[in-house]
Protein chains: 2
Amino acid sequence: MTDEIDQLLLNALMEDSRRSLKALAQISGLSSPSVAERLRRLEERGVIKGYTVEVDPRHFGYQLQAIVRVRPLPGKLHEVERQIQSIPEFTECDKITGEDCFVARLHVRSMEQLDELLDRINASAETNTAIVKKTSVPRRLPPMN
Amino acid sequence: MTDEIDQLLLNALMEDSRRSLKALAQISGLSSPSVAERLRRLEERGVIKGYTVEVDPRHFGYQLQAIVRVRPLPGKLHEVERQIQSIPEFTECDKITGEDCFVARLHVRSMEQLDELLDRINASAETNTAIVKKTSVPRRLPPMN
DNA sequence: CGGGGTAGCCGAATAATAGTCGCACCCCAA
DNA sequence: TTGGGGTGCGACTATTATTCGGCTACCCCG
């Protein structure tokens with residue numbers, strides 16, 4: 001289904017998704033039409049969900065990054081979810097099991113903005129916020145064997 | 001420094017980082033040499049940190065995704081951090097303020113594996129684990145104006 | 001006010017890459 | 001043995017990337 005060559009390709013694209021088919025062909029030992037065909041199939045099957053760019057938010061003034069746990073007040077779950085979705089400074093959010101219903105990542109330019117955005121949420125949820133000091137593990141792929 | 005055209009380019013690449021320079025040129029209204037030059041500068045300045053691929057872990061049998069909060073035992077902070085880094089099923093980890101020192105994302109194939117991996121960490125830390133039920137906000141960029 | 005430097009853009013030409021196609025090979029099942 | 005699906009290849013054509021010279025707008029400072 002997904003063999004070692006596909007894994008080579010995925011790893012190579014993880015490092016740099018703008019690599020040419022030719023470069024991918026050299027890495028994998030296939031010809032470039034074959035690589036094109038494999039990518040097409042990986043995309044078709046949904047193994048590859050998309051190709052994206054990694055942007056450094058600090059270059060846009062987002063000096064602070066926070067992890068926010070959100071526990072909606074009774075009956076406010078959907079409202080809170082929509083609220084989080086509608087605030088673009090929340091750049092990820094997962095709905096999880098346990099007392100907290102959501103964990104989200106928030107990028108802000110200042111403490112004032114952090115306070116302002118959390119206040120909005122706090123109208124319908126309790127929040128628990130931790131500031132990110134450092135990224136210990138940058139986004140990576142789990143093992144694929 | 002970073003104008004509207006750069007933002008157009010970044011958004012276009014966020015949607016699909018394998019777009020050709022020609023396509024980006026059409027989107028931005030520039031010529032393709034100009035687009036190439038802008039990308040080069042965005043990369044050089046570190047605004048663009050890289051181009052990556054979005055892979056669906058479920059296709060590799062990772063049925064479960066968990067958010068793990070980790071509180072190392074006294075004196076074990078560095079050991080725990082190294083341990084997390086060395087377990088490839090942890091696909092992200094941030095060091096944060098507060099009682100929990102780390103929040104990490106973990107992909108596993110089964111409850112057994114979840115238990116096994118957490119047991120390893122539990123030798124030197126307390127953990128608090130929540131299973132991801134749904135992704136409310138898929139990874140996106142904060143506003144860039 | 002005007003030279004000179006710089007930054008950014010363009011078009012055209014060349015170099016490189018991507019896409020298309022017909023065919024070969026392998027594996028397996030009839 | 002035969003035939004079909006799946007995957008690969010090389011060679012060709014179409015498309016894209018890169019390079020380069022020159023243009024314009026802007027700014028700094030004499």
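Every chain is numbered from 1, with letters handed out A, B, ... down the list of sequences. Reckoned from all heavy atoms, side chains included, excluding hydrogens, waters and symmetry mates.
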Which donor-acceptor pairs under 3.5 Å do the side chains of residues 97-104 of chain A make with protein atoms, sequence neighbours left out?
{"unit_1": "A:Thr97", "atom_1": "OG1", "unit_2": "B:Ile131", "atom_2": "N", "d": "2.9"}
{"unit_1": "A:Glu99", "atom_1": "OE1", "unit_2": "A:Arg71", "atom_2": "NH2", "d": "3.4"}
{"unit_1": "A:Asp100", "atom_1": "OD2", "unit_2": "A:Arg69", "atom_2": "NE", "d": "2.8"}

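Ion pairing between B:Glu92 and A:Arg105 holds under the 4.0 Å rule for side-chain N and carboxylate O. Salt bridge status for A:Glu81 with B:Lys134: present, with a side-chain N to carboxylate O gap under 4.0 Å. Salt-bridge annotation for B:Glu54 and A:Lys49: absent, with no side-chain N of the basic residue lying under 4.0 Å from a carboxylate O of the acidic one.
Between A:Leu9 atom CG and D:dT7 atom P there is a gap of 14 Å when expressed in whole angstrom units. Between the CD1 atom of B:Ile5 and the P atom of C:dA7 there is a distance of 18 Å, given to the nearest Å. Look at CG on A:Leu30: it is 5 Å from P on D:dG8, rounded to the nearest Å. Here the P atom of nucleotide D:dA17 and the CG atom of B:Leu39 are 10 Å apart, to the nearest Å. Look at CD on B:Gln26: it is 13 Å from P on D:dT15, rounded to the nearest Å. Rounding to whole angstrom units, CD of residue B:Glu37 and P of D:dT19 are separated by 11 Å. Remark: P of C:dG8 and CD of B:Glu4 are 14 Å apart, rounded to the nearest angstrom. Between B:Arg45 atom CZ and C:dA7 atom P the separation is 14 Å, expressed in whole Å.
At least one donor-acceptor pair under 3.5 Å links the side chain of B:Gln7 to the backbone N or O of B:Met144.
Here B:Ser34 reaches the OP1 or OP2 of C:dC10: one of its side-chain N or O atoms lies under 4.0 Å away. Distances shown here put every side-chain N or O of B:Arg41 at or beyond 4.0 Å from the OP1 or OP2 atom of C:dA7. In this structure, B:Arg40 does not reach the D:dT18 phosphate: none of its side-chain N or O atoms is under 4.0 Å from OP1 or OP2.
Neither side chain, B:Tyr62 nor B:Gln113, offers a donor N or O lying under 3.5 Å from an acceptor on the other. With hydrogens and angles left out, the side-chain atoms of A:Arg38 and A:Ser28 include no donor and acceptor closer than 3.5 Å.
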Are any protein N/O atoms closer than 3.5 Å to N/O atoms in nucleotides 14-21 of chain C? If there are, list each pair with its distance.
{"unit_1": "C:dT17", "atom_1": "OP2", "unit_2": "A:Lys22", "atom_2": "NZ", "d": "2.9"}
{"unit_1": "C:dA18", "atom_1": "OP1", "unit_2": "A:Leu21", "atom_2": "N", "d": "2.8"}
{"unit_1": "C:dA18", "atom_1": "OP2", "unit_2": "A:Leu21", "atom_2": "N", "d": "3.0"}
{"unit_1": "C:dA18", "atom_1": "OP2", "unit_2": "A:Lys22", "atom_2": "N", "d": "2.9"}

